[in-house]
Number of protein chains: 2
Amino acid sequence: MKTAPESARADAPRWLTDEEQRVWRSYIEATTLLEDHLDRQLQRDAGMPHVYYGLLVKLAESPRRRLRMTELAKLAKITRSRLSHAVARLEKSGWVRREDCPSDKRGQFAVLTDEGYEVLSRHAPGHVEAVRQAVFDRLTPEQQKSLGEIMRIVAEGLEPSEAGADLPWLR
Amino acid sequence: MKTAPESARADAPRWLTDEEQRVWRSYIEATTLLEDHLDRQLQRDAGMPHVYYGLLVKLAESPRRRLRMTELAKLAKITRSRLSHAVARLEKSGWVRREDCPSDKRGQFAVLTDEGYEVLSRHAPGHVEAVRQAVFDRLTPEQQKSLGEIMRIVAEGLEPSEAGADLPWLR
DNA sequence: CCGATTTACTTGAACTATCAACTTTCATGA
DNA sequence: TCATGAAAGTTGATAGTTCAAGTAAATCGG
């Protein structure tokens, strides 16, 4: 009778097959190259890294162009600490401003300034073009669909709070 | 007769459709969460970020466990500058050592030390397990195959030197 | 109402990344 | 042989990220 591999840590590691390795390497290469590419594109054209651009986008899409810090951090999938630093820098650039939350004195809103909105509008075309050229223009519609499904699955699996992943008795 | 959109910069931006946007957002979320996840896992367990782990892997796979700096940088898809700093840190940790290249006095080899190899062996199981849980365990074989193809295409499209992308007369 | 937690957010230090500038060596072609 | 330019790699300054620890306000359980 075999022991069920409850604690994989101790068991023989489930190595990747050759094919899985090829997939994984391609993943690493593509994501590294792409993130670098977009970072450079945006840094050069808009003067900010890709993540910061993403923050402005989230704000622009939000009612009254504002979001609570924690909310923004969740949407952008970054830590609150990282966001604090990022917003500090975006504030210095004049693209975001902070506002106190009236209902919760601990709370802060990050608000997209007009200048921030302007920067976004000005550089959005160049950015989507870069994304298109790097990704969508190269993939068939089926591949695009597939990519969406796959990334959705992976993202969901890693979503912080994994709904009690380490608290199995709560499931 | 319509003008061909040769210089997309000036034309109406080719915005992403709603579906394309969803795909793109999922991509961003998945890659952000995954890279963070693996960084934390490796930082906690092995004391180094994911990229550095990748460097050790490349070295371990190479003959005599060594690579020229430029070669390693190319394989890992990072700049030589970044690599210089990274190797300096890995040297400090005792996992890599530099060696002069006899045939080219400008050249340097990065060599994986025994200690480096040991660290790698020790933490590889935990790392593949993390990759499995986050990615392969969640995808069907078809999805895995599809992911490989897609990432290969994207990576190739971004490969530095794009084989004369800006030298169209050479194509 | 009060003490204990939790939540919201910030801070500073240590670390990593980027960019441009620099040194050294190699290759090329008069 | 010599000058010129390219290649290999490093460096230092600046910017961004992480982690642990911190403050202050809200909430929860008696």
Side-chain angles (χ1 to χ4, degrees), chain A residues 31-33 35-55 66-93 95-111 160-161, chain B residues 32-33 35-55 66-93 96-111 160-161:
Chain A
T31 54
T32 308
L33 288 169
E35 190 56 20
D36 268 33
H37 181 66
L38 297 179
D39 262 337
R40 264 186 254 287
Q41 186 262 318
L42 281 169
Q43 190 69 61
R44 173 169 48 77
D45 298 350
M48 73 187 112
H50 187 205
V51 186
Y52 289 24
Y53 180 90
L55 296 174
R66 75 193 53 213
L67 282 170
R68 289 287 295 270
M69 294 294 280
T70 297
E71 183 63 15
L72 179 49
K74 275 180 190 149
L75 287 174
K77 317 290 177 197
I78 63 176
T79 63
R80 273 171 303 169
S81 169
R82 186 176 178 182
L83 181 62
S84 264
H85 291 297
V87 166
R89 132 68 145 112
L90 290 170
E91 223 173 358
K92 230 178 261 176
S93 304
W95 300 331
V96 167
R97 113 181 82 85
R98 288 178 216 249
E99 260 181 45
D100 292 345
C101 175
S103 64
D104 185 338
K105 282 172 190 165
R106 296 166 304 176
Q108 289 275 104
F109 282 104
V111 186
S161 106
Chain B
T32 309
L33 289 169
E35 191 54 22
D36 269 33
H37 182 66
L38 297 180
D39 262 337
R40 264 186 254 288
Q41 186 262 318
L42 281 169
Q43 191 69 61
R44 173 169 49 74
D45 298 350
M48 72 187 115
H50 187 204
V51 185
Y52 289 25
Y53 181 89
L55 297 175
R66 75 193 53 212
L67 282 170
R68 288 287 294 270
M69 294 295 280
T70 297
E71 182 63 14
L72 179 50
K74 276 181 190 150
L75 288 173
K77 316 291 174 196
I78 65 177
T79 63
R80 272 171 296 155
S81 169
R82 186 174 179 185
L83 180 61
S84 262
H85 290 299
V87 166
R89 136 60 148 116
L90 289 170
E91 222 172 0
K92 229 178 260 175
S93 303
V96 167
R97 113 181 82 85
R98 287 180 216 248
E99 259 182 46
D100 293 345
C101 174
S103 63
D104 183 339
K105 282 173 188 163
R106 298 167 304 179
Q108 288 277 103
F109 282 103
V111 186
S161 106

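FYI, side chains are in, hydrogens and waters are out, and symmetry mates aren't considered; it's all heavy atoms of this structure. Below, chain A is the first sequence line, B the second, and so on; all start at residue 1.
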Sequence-aligned protein contact record of nucleotides 10-18 of chain C, with B where the base is within under 4.0 Å of a protein heavy atom and S where only the sugar-phosphate is: BBB---SSB
Nearest 0.5 Å, please: how far is [atom2] in [Y] from [atom1] in [X]?
X: D45(A); Y: Y53(A); atom1: CG; atom2: OH; value: 10.5 Å
X: F109(B); Y: L72(B); atom1: CZ; atom2: CG; value: 12.0 Å
X: I78(A); Y: L33(B); atom1: CD1; atom2: CG; value: 11.5 Å
X: S103(A); Y: R68(A); atom1: OG; atom2: CZ; value: 6.0 Å
X: M48(B); Y: S93(B); atom1: CE; atom2: OG; value: 8.0 Å

Atom [atom1] of [X] and atom [atom2] of [N]: how far apart are they, to the nearest Å?
X: D100(A); N: dA24(D); atom1: CG; atom2: C1'; result: 13 Å
X: E99(B); N: dA8(D); atom1: CD; atom2: C1'; result: 17 Å
X: H50(B); N: dT17(D); atom1: NE2; atom2: C1'; result: 17 Å
X: K105(A); N: dT6(C); atom1: NZ; atom2: P; result: 24 Å
X: F109(B); N: dA8(D); atom1: CZ; atom2: P; result: 13 Å

R106(A) (side chain) and dT7(C) (base): donor-acceptor pair under 3.5 Å: yes
Contact under 4.0 Å: R44(B) side-chain N or O vs dC19(D) OP1/OP2: no
From Q43(B), H37(B), E35(B), residue fulfilling side-chain hydrogen bond (donor to acceptor under 3.5 Å, both in side chains) relative to H50(B): E35(B)
Angle between terminal axes - the helix from dC1(C)-dG30(D) to dA30(C)-dT1(D), 5 pairs each end, rounded to 10°: 30°
S84(A) side chain to R80(A) side chain, donor-acceptor N/O pair below 3.5 angstrom: no
Any K77(A) side-chain heavy atom under 4.5 Å of K74(A) side chain: no
